[in-house]
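Labels below follow one simple rule: chain letters A, B, ... track the order of the sequence lines, proteins then strands, and each chain is numbered from 1. This one's a predicted model, so the numbers in the text were calculated from it and none came from an experiment.
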There are 2 protein chains.
Amino acid sequence: MTVEAKGRAGGSVVARVPKATFRAHIADALRAAILNGNIEPGAQVIETALAEQFGVSRGPLREAMRQLIDEGLLVAVPYTGTHVVDLSVDDVREIYSMRVTLEIFAFEQIWARRDQAFRRELVARHDALTACIDAQDDAASIIAELQLHGFVYEATGHKLLIRTWESIRGRLQLYWAAHHRAHGIRGPRREGHDRYVEMALADDIEALKAEIADHMARGGRQTEDFLRGRPASAGTA
Amino acid sequence: MTVEAKGRAGGSVVARVPKATFRAHIADALRAAILNGNIEPGAQVIETALAEQFGVSRGPLREAMRQLIDEGLLVAVPYTGTHVVDLSVDDVREIYSMRVTLEIFAFEQIWARRDQAFRRELVARHDALTACIDAQDDAASIIAELQLHGFVYEATGHKLLIRTWESIRGRLQLYWAAHHRAHGIRGPRREGHDRYVEMALADDIEALKAEIADHMARGGRQTEDFLRGRPASAGTA
DNA sequence: CAATAATCGATTGTCGACAATCTGCGCCGA
DNA sequence: TCGGCGCAGATTGTCGACAATCGATTATTG
């Protein structure tokens with residue numbers, strides 16, 4: 001049993017996880033570390049160091065890193081190094097413009113299904129987000145907002161759309177989290193989401209399109225200011 | 001340092017000998033083998049066999065396979081096996097519905113740029129496609145059609161959109177190629193693309209939206225008939 | 001002193017062997 | 001005969017060591 005977990009004094013938050021595959025667990029842990037800011041945007045990620053830290057060999061670790069590269073969270077240069085992605089202003093602008101298109105498409109799909117349970121669930125997610133905002137818990141608010149929007153995509157049942165959202169979500173979360181840490185206060189606001197959900201429940205597709213576009217424009221503007229003038233240092237994938 | 005991915009020229013005659021990294025070279029070769037039908041949809045892909053066939057160890061081969069899994073061309077089950085994806089009717093339907101949304105978004109981006117060179121290039125790609133169709137070269141027609149639509153995405157300069165298109169293109173090509181081999185005749189038709197390009201040049205966004213939707217609906221209907229009743233055997237990722 | 005070549009450390013790429021897991025088949029007992 | 005059990009083959013998962021490449025630093029030379 002060479003898979004015996006090594007001593008690992010300290011922490012030991014995770015006892016053992018050999019059940020599924022190391023690749024999956026490491027990918028989750030590494031993704032969390034990046035999104036939590038434990039590894040800063042632009043920082044280099046060294047295979048040997050991480051492998052030792054996780055207590056595994058470089059094989060599974062490399063495959064986990066490949067996955068994060070495909071998710072757009074890491075950028076690798078052969079024989080040279082791998083860095084956490086550092087989003088540029090254009091990258092953020094692209095993410096927001098893409099979200100407008102995808103989210104409107106999502107609502108078209110949802111409405112075509114006439115799924116009534118969707119309304120209840122949407123309200124529930126919105127309530128959860130509102131609670132986090134009122135509690136001024138910015139970190140939880142970011143998660144709640146991602147889950148609110150994520151639910152919209154999930155509700156479509158459109159696997160390809162969900163897959164596409166997931167390929168964007170990580171970068172969006174990375175940006176929000178970095179922005180929050182750098183600016184201190186921020187976190188999602190109430191007003192925008194109140195209108196967003198109101199329109200979503202109103203079946204007025206044109207109004208919702210306008211609201212989504214405005215919702216994104218506000219978020220995009222708010223965030224671009226922070227990034228402007230700070231050139232990306234580690235490629236923008 | 002802006003990370004430039006390795007240029008992947010569409011042409012294939014330039015036999016870039018494997019001295020970049022095996023991973024990239026193998027990923028290209030394996031992808032080509034799948035799209036050419038040398039490996040059938042649903043067929044199992046065995047690491048050891050492929051590694052020997054390519055003359056490399058399993059390490060680089062596994063990473064190449066991981067990449068194709070992320071592209072949606074392979075489906076893996078831990079400790080059990082990896083198969084070429086076998087698209088279901090729903091999968092194809094999703095691809096086409098997604099293309100409607102993405103391609104309309106692409107034209108909105110292009111028009112916002114007022115790029116005049118775009119028109120000339122679009123016509124050039126359309127002429128190339130028409131030539132392939134008139135020559136009744138179905139295989140070349142499929143490539144030409146992919147390049148026509150691909151150019152639309154490229155012309156947006158929207159990296160995230162291009163990335164998304166590339167994540168779909170492989171599966172679309174896989175389906176088209178498999179469909180063509182199974183049905184013999186088919187290949188793209190002239191009429192649809194003539195109208196498509198005509199509308200694209202007309203600056204009439206509403207007409208183009210309708211045309212794209214109709215274009216996709218025709219393609220989707222044409223292809224669904226073939227797949228209907230044939231259950232996917234290897235997961236639909 | 002400047003420009004170029006050689007060298008060294010760091011990091012990733014690759015390999016071959018071993019371990020863990022799944023699947024199908026044969027065996028045994030009720 | 002039938003159903004559960006275990007064994008063997010096949011396939012993927014993991015490991016540790018070695019080789020190739022890159023970047024920067026230093027030595028060399030005009």
Side-chain angles (χ1 to χ4, degrees), chain A residues 1-8 14-30 39 42-70 73-85 233-235 237, chain B residues 1-6 16-30 39 42-70 73-85 233-235 237:
Chain A
M1 170 74 104
T2 51
V3 194
E4 258 306 313
K6 320 202 160 165
R8 297 262 293 157
V14 52
R16 310 213 334 183
V17 269
K19 201 32 187 171
T21 66
F22 286 167
R23 174 181 57 249
H25 289 278
I26 292 176
D28 291 343
L30 185 53
I39 310 177
Q44 185 171 9
V45 178
I46 295 163
E47 292 180 1
T48 53
L50 263 187
E52 185 173 4
Q53 186 172 337
F54 280 118
V56 299
S57 77
R58 282 176 52 216
L61 184 93
R62 280 174 64 88
E63 296 188 7
M65 287 177 65
R66 282 287 141 199
Q67 183 173 334
L68 295 192
I69 289 171
D70 283 308
L73 294 179
L74 294 177
V75 178
V77 181
Y79 286 109
T80 301
T82 304
H83 293 75
V84 177
V85 70
S233 63
Chain B
M1 169 195 276
T2 329
V3 176
E4 266 293 331
K6 296 172 242 322
R16 288 245 275 139
V17 205
K19 262 323 173 191
T21 66
F22 288 167
R23 175 181 56 249
H25 186 246
I26 292 175
D28 291 342
L30 185 53
I39 311 177
Q44 186 171 10
V45 178
I46 295 163
E47 292 180 3
T48 53
L50 264 187
E52 185 174 4
Q53 185 172 336
F54 280 116
V56 299
S57 76
R58 282 176 52 216
L61 184 92
R62 279 174 65 88
E63 295 187 8
M65 287 176 64
R66 281 286 142 202
Q67 182 173 334
L68 295 192
I69 289 171
D70 282 308
L73 294 179
L74 294 176
V75 177
V77 180
Y79 287 109
T80 301
T82 305
H83 293 75
V84 177
V85 70
S233 62

Can you tell me which nucleotide in [options] comes closest to the side chain of [X]?
X	options	value
Arg62(A)	dC15(C), dC15(D), dT12(C)	dT12(C)
Arg58(A)	dG16(D), dT14(C), dT11(C)	dT14(C)
Glu47(A)	dT14(C), dT12(C), dG13(D)	dT12(C)
Arg23(A)	dG23(D), dT23(C), dG13(D)	dG13(D)
Ser57(A)	dG13(C), dT14(D), dG13(D)	dT14(D)

**Request:** Give Val77(B) one of three labels, base, sugar-phosphate or nothing, depending on what nucleic acid heavy atoms sit under 4.0 Å from its own.
**Result:**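 Touches nothing.
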Between Leu74(A) and Val84(A), is the side-chain contact (heavy atoms from CB on, under 4.5 Å) condition met? List the steps.
CA-CA 5 Å; Leu74(A) 294 177; Val84(A) 177; 4.0 Å; yes
To the nearest angstrom, how far is [X] atom [atom1] from [N] atom [atom2]?
X	N	atom1	atom2	value
His25(A)	dT14(D)	NE2	C1'	14 Å
Arg66(B)	dT14(D)	CZ	C1'	13 Å
Glu52(B)	dA10(D)	CD	C1'	15 Å
Tyr79(B)	dC22(C)	OH	P	8 Å
Glu63(A)	dC15(D)	CD	P	11 Å
Leu61(B)	dG13(C)	CG	P	16 Å
Gln67(B)	dG13(C)	CD	P	13 Å
Gln44(A)	dC22(D)	CD	P	15 Å

When rounded to the nearest 0.5 angstrom, what is the spacing between [atom1] in [X] and [atom2] in [Y]?
X	Y	atom1	atom2	value
Ile26(B)	Gln53(B)	CD1	CD	10.5 Å
Glu63(A)	Met65(B)	CD	CE	10.0 Å
Leu30(B)	Leu68(B)	CG	CG	5.0 Å

query: Which atom pair, heavy atoms only, marks the closest approach of Glu47(A) to Leu61(A)?
result: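 Taking Glu47(A) first and Leu61(A) second, the nearest heavy atoms are O-CD2, 3.2 Å.
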